[in-house]
Amino acid sequence: MSKVLTQTLIYEILSVVEEIPEGKVATYGQIAKLIGRDRNARLVGFVLSKVEYYGRYPCHRVVNHQGRTAPMWSEQRSLLEQEGVVFKSDGKVDLDKCLWKV
DNA sequence: TGCATGACCTCGG
DNA sequence: CCCGAGGCCATGC
């Protein structure tokens, strides 16, 4: 980890991400809120984009509010489908059923 | 020190 | 659902 993006923030985010059960997905805003930074939803995405740098976490269970996955990510959909996450014809996650409820 | 970018969110139309 | 505007924080040049 050459760049230290506030270890505290990353630790809190990963803590929440680890709590996401299989077959469920969470939104960036949801996570941001759980760590007490509801205004920093952007940071969550920004951090998760580099989280693979810190270790392997189920960051594929995190999608945006539209249920859309990362634009450049190819296997994210496959990973989620393997866990039982339902996808719509549009290629988006069915948040009505797979959204992680706290 | 300042400006631009990003896996975003909410509100209104 | 898509489009546009405003906001918020950290990173990188």
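Every chain is numbered from 1, with letters handed out A, B, ... down the list of sequences. The structure presented is a predicted model; accordingly, all values stated were derived computationally and were not measured.
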**Asked** Who pairs with R42(A) by salt bridge (Lys or Arg N to Asp or Glu O under 4.0 Å), at least two apart in sequence or on another chain?
**Response** none
Could you list, one pair per line, each protein nitrogen or oxygen that sits under 3.5 Å from a nitrogen or oxygen of nucleotides 11-13 of chain B, together with the distance?
none

**Prompt:** Can E12(A) and R37(A) be said to form a salt bridge (Lys or Arg N to Asp or Glu O under 4.0 Å), step by step?
**Reply:** CA-CA 10 Å; E12(A) 295 183 322; R37(A) 288 177 168 74; 2.9 Å; yes
**Prompt:** Is a donor on one side and an acceptor on the other found under 3.5 Å between the side chain of D90(A) and the backbone of K92(A)?
**Reply:** no
**Residues forming a side chain to side chain donor-acceptor pair (under 3.5 Å) with Q76(A), sequence neighbours excluded** = none
**Request:** Would you jot down, in residue-number order, the residues of residues 31-47 of chain A having a non-hydrogen atom under 4.0 Å from DNA chain C?
**Result:** R39(A), N40(A), R42(A), L43(A), F46(A)
**Asked** Is there side-chain contact between V17(A) and L48(A), with heavy atoms separated by less than 4.5 Å?
**Response** yes
**Prompt:** Any side-chain heavy atom of V62(A) sitting closer than 4.5 Å to one from I31(A)?
**Reply:** yes
**Request:** State, with a plain yes or no, whether a side-chain heavy atom of T69(A) is found less than 4.5 Å away from one of F87(A).
**Result:** yes
**Prompt:** In whole Å, what is the span from the CG atom of L48(A) to the P atom of dT11(C)?
**Reply:** 14 Å
**Request:** With the side chain of N64(A) defined as its heavy atoms from C-beta on, choose the nearest nucleotide among dA7(B), dT10(B), dC8(B).
**Result:** dC8(B)
**Complete:** Per atom distances to the K50(A) side chain, the nearest of dA7(B), dC9(B), dT11(C) is dT11(C)
**Under 3.5 Å donor-acceptor, N40(A) side chain and L43(A) backbone** = no
**Asked** Is L34(A) reachable from L9(A) through a run of I, L, V, M, F, W or Y residues, each pair having side-chain heavy atoms under 4.5 Å apart?
**Response** yes
**Request:** Please step through side-chain contact (heavy atoms from CB on, under 4.5 Å) for the pair D96(A) and V86(A), ending with a clear verdict.
**Result:** CA-CA 10 Å; D96(A) 295 326; V86(A) 183; over 6 Å; no
**Asked** Hey, are the side chains of W73(A) and C59(A) touching, using non-hydrogen atoms and a 4.5 Å cut-off?
**Response** yes
**Distance-only side-chain donor-acceptor flag, H65(A) / Q30(A), under 3.5 Å** = no
**Fill in**
Separation of dT11(C) atom C1' from I13(A) atom CD1, nearest Å, is 14 Å
**Prompt:** What are the residues of residues 84-102 of chain A, sorted by number, that bring a heavy atom to within less than 4.0 Å of DNA chain B?
**Reply:** none
**Request:** Using a cut-off of 6.0 Å, state whether more than 12 heavy atoms not belonging to K24(A) lie near its atom NZ.
**Result:** yes
**Request:** Please list every stem that involves DNA chain C, where a stem is a run of 3 or more consecutive Watson-Crick or G-U wobble pairs with both pairing distances under 3.5 Å.
**Result:** B:2-6 with C:9-13, B:8-13 with C:2-7
